[in-house]
Amino acid sequence: MHLLLIGGGGREHAMAWKLAQSASVTRISVAPGNPGMQLENKVHCIDIDSNDIEALAVFASTHHVHLSIVGPEAPLVGGIVDLFKERNLRIFGPSAQAAQLEGSKAFAKDFMARNNIPTASYATFTNADEAIAYIHQHGAPIVIKADGLAAGKGVVVAFDTTQAIEAIQSMFDGQFGEAGSQVVIEQFLEGEEASFIVVVSGRQCLALATSQDHKARDVGDLGPNTGGMGAYSPAPVVTATVHEHVMSDIVQPTINALADEGMPFTGYLYVGLMIDSKHNASVVEFNVRLGDPETQPLMMRMQSDLLALLDHAVDESLEQADVQWHEGAAIGVVLAAGNYPEGSSKGAAITGIEEAETNGCKVFHAGTCLNNDTLVTNGGRVLCATAIGSTLEQAKATADKAASCIQWEGVRYRSDIGHRAIK
Ligand code: AMP
Ligand code: GLY
């Protein structure tokens, strides 16, 4: 079977690596992919942009693709699933309408409010003066979010009103373009975050293993918010009781409401949770795709066939799916450019990947490219050193050692990924 995988980051590299292990898969075309993926068995990178949904549909049709799988949110929000379905092409992901759960924070908050899904209280603004008045009224800490897609960078957790007002001003001044023309201001939630990802097929769903991401750039959870500096699975904060509550009070009501409101969901639903000291969970965000870098450890822990799971979701037979996980733990440590997340310096030569992989670690590529035959950096998050072990400590030791082998000018990574679970 020929698959089309859309995207070119670390998440997609891990998905391609896992899908290539399915006996039924003969070829995986990745649009546009990256140099790391190109080295995987069965994987071929194709020169189509992940947002060129017309060209992707033509490719899937011409090459008789069995299933197309979408990695990033932008093509989903841009309507790739709707277009493929119009043309009778099999694809795994939500419609553009359902993808608004991620595409617009105001849409997601209004959806949660009218369906009684637990989440922080909020207000939405299209005008800086009114937003600033609200800040003065509510004080800090408070959370400011650009409404639209901002590659994980459109959120500021402000610990004083000055910082909150600066965030409002820069968003309305166009820091995130159109995405910041509407701003959501939210109550600050205290607790521990976890990523709870489910495969959804209409009113049916199946939870993947839990995971936890590290959004702050620096050791000790300090520094600016990023797309994610590392992740591990499982997340012990999601106890069996929390898991049950999340399924019954958040996930099932969400997917039922999506169906009731005429936008039934198929695809990965990523529920970003905040779990407080009393073990109550509320929703920090919805994403309509797998997390990056959560996918890297998740794919490493998944022992069953990923394609079979996705086929069941698309065929509305999720009750027949069987998902098995490695009983230990997996962890991914992101290696990022020195000026990430403000910038993404490019073109530095990367060394040490082979050495990093000698101790059982897998290095997934994200922002890399080839300059002649030299592998160089090409983005903010460059690589993710991912390892599995019978305990998180073991997995972490392997991943940390691997990360220390990899060099380029300005490389940075966090040495404390997993610290919450290793106490
Ligand atoms: P989001 O893109 O909405 O997930 O926000 C990015 C990050 O900002 C989250 O992973 C949290 O670390 C933080 N954050 C977002 N909303 C809140 C909130 N209401 N309270 C506390 N932290 C938040
Ligand atoms: N790691 C967070 C995300 O993918 O949104």
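For ligands, and for the atoms within them, numbers begin at 1 and follow the listed sequence. Please read all numbers here as calculations on a predicted model, not as lab measurements.
Geometrically, ligand 2 and E294 share a nitrogen or oxygen pair separated by less than 3.5 Å. Of the N or O atoms in L189, one or more lie within a sub-3.5 Å distance of an N or O in ligand 1.
Near G227, meaning under 4.0 Å from any of its heavy atoms, are these atoms of ligand 2: 1 (N), 2 (C). Atoms of ligand 2 found under 4.0 Å from any heavy atom of N287 (numbered from 1 in listed order, with element): 5 (O). The atoms of ligand 1 that sit less than 4.0 Å from any heavy atom of E193 are 9 (C), 10 (O), 11 (C), 12 (O). Residue F188 approaches ligand 1 through these ligand atoms, each under 4.0 Å from one of its heavy atoms: 20 (N), 21 (C). Numbered from 1 in the order shown, with element, the atoms of ligand 1 that lie under 4.0 Å from a heavy atom of M274 read 21 (C), 22 (N). The ligand atoms of ligand 1 that sit less than 4.0 angstrom from a heavy atom of N225 are 6 (C), 7 (C), 8 (O). With ligand atoms numbered from 1 in the order given, ligand 2 contributes 2 (C) to contacts under 4.0 Å with heavy atoms of K215. Remark: ligand 1 atoms within the under-4.0 Å shell around heavy atoms of K145 are 3 (O), 15 (C), 16 (N). Those atoms of ligand 2 with a heavy atom of G291 less than 4.0 angstrom away are 4 (O).
At a heavy-atom distance under 4.0 Å, only side-chain atoms of V143, from C-beta outward, approach ligand 1. Contacts with ligand 1 closer than 4.0 Å are made by no heavy atom of E190, backbone or side chain.
The six-membered or imidazole ring of Y268 lies near that of F92, with a centre-to-centre distance under 6.0 Å. The distance between the ring centers of Y270 and F286 does not fall below 6.0 angstrom. Here F172 and F125 keep their ring centres 6.0 angstrom or further from each other.
Residue, atom and distance of the protein heavy atom nearest to atom 2 (C) of ligand 2 are D213 OD2, 3.2 Å.
A salt bridge links R414 with D221: the closest approach of a Lys/Arg side-chain nitrogen to an acidic carboxylate oxygen falls below 4.0 angstrom. Contact check on E327 versus R301 returns no salt bridge, with no Lys/Arg side-chain nitrogen under 4.0 Å from an Asp/Glu carboxylate oxygen.
Ring-plane geometry between H214 and H419 is classed as perpendicular, the angle between the planes exceeding 60 degrees on a 0 to 90 degree scale with a lower cut at 30.
Heavy-atom separations between K105 and ligand 1 include at least one value shorter than 4.0 Å. In this structure, G228 does not count as a contact residue of ligand 2, since none of its heavy atoms falls inside 4.0 Å of the ligand. At least one heavy atom of R289 lies less than 4.0 angstrom from ligand 2.
Taking a 6.0 Å sphere around CG of D173, one finds it holds more than 12 heavy atoms contributed by other residues, nucleotides or ligands. Other residues, nucleotides and ligands place more than 12 heavy atoms under 6.0 Å from the CD atom of E261.
Side-chain atoms of L269 and C205, non-hydrogen and from C-beta on, never get closer than 4.5 Å to each other.
Between the side chains of H245 and N280, not a single donor N or O lies within less than 3.5 Å of an accepting N or O. With 3.5 Å as the limit, one finds no donor-acceptor pair spanning the side chains of S304 and Q324.
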